[in-house]
Amino acid sequence: MDISNDMKLLASGEWMNGFSDELSVRLTECEELCFTLNSLPPSRSNDRREIIRNLLGNIGENFVLHSPFHCDFGCNIHIGEHFVGNFNLTILDEAEVRIGNNVFIGPNTTLCTIIHALDWEKRNEGIMRALPITIGDNAWIAADVTILPGVTVGEGAVIGAGSVVTKDVEASTVVAGNPARMIKKIEGHQTESHT
């Protein structure tokens, strides 16, 4: 998929009018692919994998992505090996979303790169910007988590269920809450769960 000027501008982090015809067409194309994916039974795994590969920027060879899954453009999503995306994962990928290897994402989680203008008149005119999200290798994001624009989740971090992540998360830490805050550092090979 060729990246248009509107797509490049949106992904750049600059404020822009996101109500362009071109972006609208791309959103509809992506929604069609998501609809088709979510309509297929799990037994049609080869067809599902082909749609996912056509939908996303790239994804590793080994992954599990449960339906329903939703994204805005798909082409801005880059996922490593051994990924697990549970039911009702939503990725609003107006900017790049980079997900490392061995990342687990729980059900009902949203990764949101888009920021609408605070001023209602500008917002109604479609003024928006987007900031990327990065999730490091070996991270675990539990159920019902929201990750906001511009956030980086460090390698091996754990995000507790129901958290709203508004700022960067250090590697090998457990964070939880709204807004998410550090609960503790992860040391050694801990197996107990506090999420």
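Here CG of L111 is found 5.0 Å from CD1 of I147. Values are rounded to the nearest 0.5 Å. To the nearest 0.5 Å, atoms CZ (R53) and CD (E61) are separated by 4.5 Å. Between N76 atom CG and E94 atom CD the span is 8.0 Å, to the nearest 0.5 Å. For the atom pair H78 NE2 and D93 CG, the distance stands at 8.5 Å (nearest 0.5 Å). Rounding to the nearest 0.5 angstrom, the gap separating the CG atom in L33 from the CD1 atom in I52 is 11.0 Å. Summarising the geometry, atom CD1 belonging to I141 is positioned 12.0 Å from atom CG belonging to N86; distances are rounded to the nearest 0.5 Å.
Residues K122 and D119 are not paired through a salt bridge, judged by the lack of any N-O separation under 4.0 Å between the basic side chain and the carboxylate. One finds no salt bridge joining K185 and E187 here, because no Lys/Arg side-chain nitrogen approaches an Asp/Glu carboxylate oxygen to under 4.0 Å.
Without hydrogens or angle criteria, R48 side chain to H66 main chain gives no donor-acceptor distance under 3.5 Å. Within the 3.5 Å criterion, the main-chain N or O of F69 finds a donor-acceptor partner in the side chain of N38. In terms of modelled atom types and a separation under 3.5 Å, the side chain of N101 and the main chain of E81 share a donor-acceptor contact. A donor-acceptor contact shorter than 3.5 Å is absent between the side chain of N178 and the backbone of G162. Side-chain atoms of S163 do not come within 3.5 Å of backbone N or O of V145 as any donor-acceptor pair. No donor-acceptor pair under 3.5 Å is formed between the side chain of R98 and the backbone N or O of P132. Between the side chain of D168 and the backbone N or O of T152 there is at least one donor-acceptor pair closer than 3.5 Å.
Between I115 and P149, the shortest heavy-atom distance links the atoms CG1-CG, 3.5 Å. Of all heavy-atom pairs spanning I183 and A176, the tightest one is CG1-N, 3.9 Å. Minimum heavy-atom separation, V169 to A157: CG1-CB, 3.7 Å.
Partners of F104 under the ring-ring contact (aromatic ring centres under 6.0 Å, His included) rule, at least two apart in sequence or in another chain, do not exist in this structure. Not a single side-chain hydrogen bond (donor to acceptor under 3.5 Å, both in side chains) links H82 to another residue, sequence neighbours left out.
Within the structure, the ring pair (Phe, Tyr, Trp, His ring centres under 6.0 Å) test picks out no pair touching residues 14-42 (sequence neighbours left out).
When only modelled atom types and interatomic distance are considered, N102 and D137 share no side-chain donor-acceptor pair under 3.5 Å.
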>> Pair M16, L10 - check side chain to side chain contact (heavy atoms under 4.5 Å, CB included), show working.
In response: CA-CA 7 Å; M16 66 167 293; L10 185 57; 3.5 Å; yes

>> Before you tell me yes or no, could you show the steps for N17 and I127 under side chain to side chain contact (heavy atoms under 4.5 Å, CB included), namely the whole-Å CA-CA distance, both residues' side-chain angles and the distance that decides it to 0.1 Å?
In response: CA-CA 4 Å; N17 185 335; I127 303 303; 4.2 Å; yes

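Across I135, N62, V64, L65, a single residue satisfies side chain to side chain contact (heavy atoms under 4.5 Å, CB included) together with F83, and that is L65.
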